[in-house]
Enquirer: 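Quick one: structure below, then a few questions.
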Amino acid sequence: MDHSSHGHREHDKHAGHHTEDFLKKFWVVLALTIPLILYSDLFAWSPPAFVGSHYLQLILGSIVFFYGGMVFLKGAADEIQDRLPGMMTLIALAIIAAYLYSVGVVLSGTGMTLFWELSTLIAVMLIGHWVEMKAVKSAKGALQELAKLLPDQAEVLLDGNIVSVSLDELREGDIVLVRPGGKIPADGVVIEGSSEIDESLITGESRPVEKSIGDGVIAGSTNGDGSVQVRIEKTGEHTFLAGVMRLVAEAESSKSRLQLLSDRAAFYLTVLAVTAGGVTFFAWLAAGEGFGFAIERLVAVLVIACPHALGLAIPLVASISTTMAARNGFFVKRRIALEAARNITTVLFDKTGTLTKGSFGVVAVIGPEAETLSLAAAANGSSEHPLARATVRAAQERRISVSSASAFARLPGKGVRASVAGNEITVGSPALLSEMKAELHADYAADIQKHEREGKTVVHVFKGTELVGSIAFADVIREESREAVAALKRMGIKVAMITGDAEDVAAWVAKELSIDEYFAHVLPGEKAVAVQKLQSRGERVAMVGDGVNDAPALTQADLGIAIGAGTNVAIESAGIILVKNDPRDIPKIIRLSRLTYAKMIQNLFWATGYNVVALPIAAGALSAYGIMLQPAVAAVFMSLSTVIVAINASLLRRAAL
């Protein structure tokens, strides 16, 4: 049996309802409640009589019951059809009991009607549902917000002309013009122009990103001041935004363990309410009270026991947390994953591309920095080797002037040689040191050995046969990684690292980032084994990875977190996806999980605690002391509980991650 589909149906009790319908019905019912109260037996004075005034309450009460109460009757029918009786069933039972009894009183001419109680009860229920739907609607805005990111039309360049087409007419390979301030219609690559593009709503990155020829752009991001031409590479369902929307939809339909618990609790509370209502009704009849009084107590019990707040307690918090996650640059694919995050004791990072940039960079210069980098960058200007590119980039970042070179030549297995400003410059491997018969003083040699022990690649720069300086390269550690590791440690969480790199490289990165434990020389298929090793010690592990070979480890971990820029396989295996490749989002996930859980527990307390206290009072347990809970007052308390739960859930939005 598919419990998930039933659960989803039960919590989608407002399907087909419009928020404003409840408000409109409320005003009509409120207007009819005034004459119902005036013509009730509440007051000692008699209202003006007219022909048929005896039936006024029956007519107005029937309008209220069928017009205002029909939404609850239909909801109850759906719940019973799904075999999941809940709050709509209880409301329906309460108003049916009050209405049928009152009709009997009018037709028999004996007893007091409950029409004014029925009317006020329906009015309070309608306004309570309106408040709830407003809260849920604002919380579930993530999908609508994402859908709004896309433009309605795209400007396609055809034979030198600009033609406006709808998004579903766009094809891969089309060239589109995106004007300043316009939205990118589909995923693609910039082929002309440059501009700063705001991707904040999609990636969470607050600063606009500079895009020029060759850079990828994402559907739904907003163009800055420059015009760009984009070649479309993905359309419709294949775009990044469409994938994100699928993840959000999946998250909104998935359930957390607490939500499943609240569903069960709501079901049992409904059974308890019907049982308690029946017992109350027959107990008062047995005690010699009138039929009308017994019905009134039955209605009060059914109303007060409505698991309305309970049904709202968890879904509303879960919905708000999903939206908060999206705004902070990560997507909760399965809510149970977000729930698991609060219990994580160890975060295991895949090193390359997560803690490090996954590309070589200059990490140290031994000798005069400016001269060494300037000469090395000049000699490497024509080379496509990763170390050559890193050298040129380092010189540019440090704003070091680089002369042009001539007579460029590769030295197979050793490096490169070129003529720079009339000098012969050689850049290359340690083999050049012995070839050039370079003499190193002790401190210089010790520095080189230290970097080599840490697994860094060291190259040497010569002017003629004279050593100018040496450059150490490594997979660059990202500054964000330092902040992420520090934040996790402050939260009392251990940090571990896994890599296929050699022991010395792993040891250097672990030392630089103050990582508690690392696994080096790990083959792709063995990553899941490392996760199991940590779990065997009682650790609850979150694995952060981005590649195809990370998928088994992501699945094995208690919480799998995939890098959004990674592969589809990794994303499918994970419960949470980071849109930006930013390890600082990991502490945010754990903080959001802890905040969400706390809010859910608070709401369960508010929702169930109130029922436990109020139910005996509604049944008449304190009647000996003159304390009686009228059905309408019970409805006010029930709605108040729902509003408190909704407000408490909404406070989650203000929390800083």
Side-chain angles (χ1 to χ4, degrees), residues 33 36-37 39-44 54 57-58 61 64-65 69 72 76 85-125 265-310 607-641:
T33 303
L36 275 170
I37 290 173
Y39 278 83
S40 70
D41 303 318
L42 273 173
F43 306 107
H54 177 65
Q57 278 198 309
L58 176 60
V64 167
F65 178 73
F72 304 115
M87 59 200 75
M88 290 294 197
T89 307
L90 287 184
I91 297 168
L93 285 173
I95 63 176
I96 287 169
Y99 178 70
L100 292 179
Y101 171 74
S102 300
V103 169
V105 167
V106 171
L107 296 179
S108 66
T110 56
M112 287 173 62
T113 66
L114 298 174
F115 277 125
W116 78 268
E117 286 99 331
L118 169 73
S119 188
T120 48
L121 172 59
I122 288 175
V124 171
M125 290 295 184
F267 174 76
Y268 291 127
L269 194 57
T270 303
V271 174
L272 172 70
V274 173
T275 308
V279 169
T280 301
F281 175 72
F282 289 111
W284 282 115
L285 284 181
E289 290 292 342
F291 191 75
F293 180 85
I295 282 283
E296 193 180 79
R297 290 303 92 216
L298 164 68
V299 171
V301 167
L302 290 176
V303 170
I304 210 78
C306 265
H308 212 229
L310 190 59
T608 53
Y610 138 88
N611 287 105
V612 170
V613 171
L615 209 137
I617 300 171
L622 300 180
S623 60
Y625 303 97
I627 298 170
M628 298 293 277
L629 209 55
Q630 295 302 319
V633 178
V636 169
F637 280 130
M638 194 277 287
S639 290
L640 194 62
S641 168

Enquirer: What heavy-atom pair brings Ala97 and Leu298 nearest, and what distance separates the two atoms?
Expert: CB-CD2, 4.1 Å
Enquirer: Which side-chain N or O atoms in residues 615-628 pair as donor and acceptor under 3.5 Å with protein atoms at least two apart or in another chain?
Expert:
unit_1	atom_1	unit_2	atom_2	d
Ser623	OG	Gly620	O	2.9

Enquirer: For Thr89, check side-chain contact (heavy atoms from CB on, under 4.5 Å) against everything at least two apart and list the hits.
Expert: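 side-chain contact (heavy atoms from CB on, under 4.5 Å) check on Thr89 returns Ala76, Glu79, Ile80, Pro85, Leu93.
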Enquirer: Give, for atom CD1 of Ile95 and atom CG of Leu100, the distance between the pair rounded to the nearest 0.5 Å.
Expert: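 Output value for this atom pair is 10.0 Å.
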Enquirer: What pairs with Phe65 under ring-ring contact (aromatic ring centres under 6.0 Å, His included), at least two apart in sequence or on another chain?
Expert: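 Scan of Phe65 (ring-ring contact (aromatic ring centres under 6.0 Å, His included), adjacent residues dropped) gives Tyr99.
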Enquirer: Test of understanding: with side-chain contact (heavy atoms from CB on, under 4.5 Å), list the residues that count as partners of Phe291, not counting sequence neighbours.
Expert: Tyr101, Phe281, Leu285, Ile295
Enquirer: Who passes side-chain hydrogen bond (donor to acceptor under 3.5 Å, both in side chains) against Thr280, sequence neighbours left out?
Expert: none
Enquirer: Provide the closest heavy-atom pair for Gly61 versus Leu36 in the form atom of the first, atom of the second, distance.
Expert: N-CD2, 4.0 Å
Enquirer: Say you draw a straight line from CD1 of Ile37 to OG1 of Thr120; how long is it, rounded to the nearest 0.5 Å?
Expert: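 Here the rounded value is 6.5 Å.
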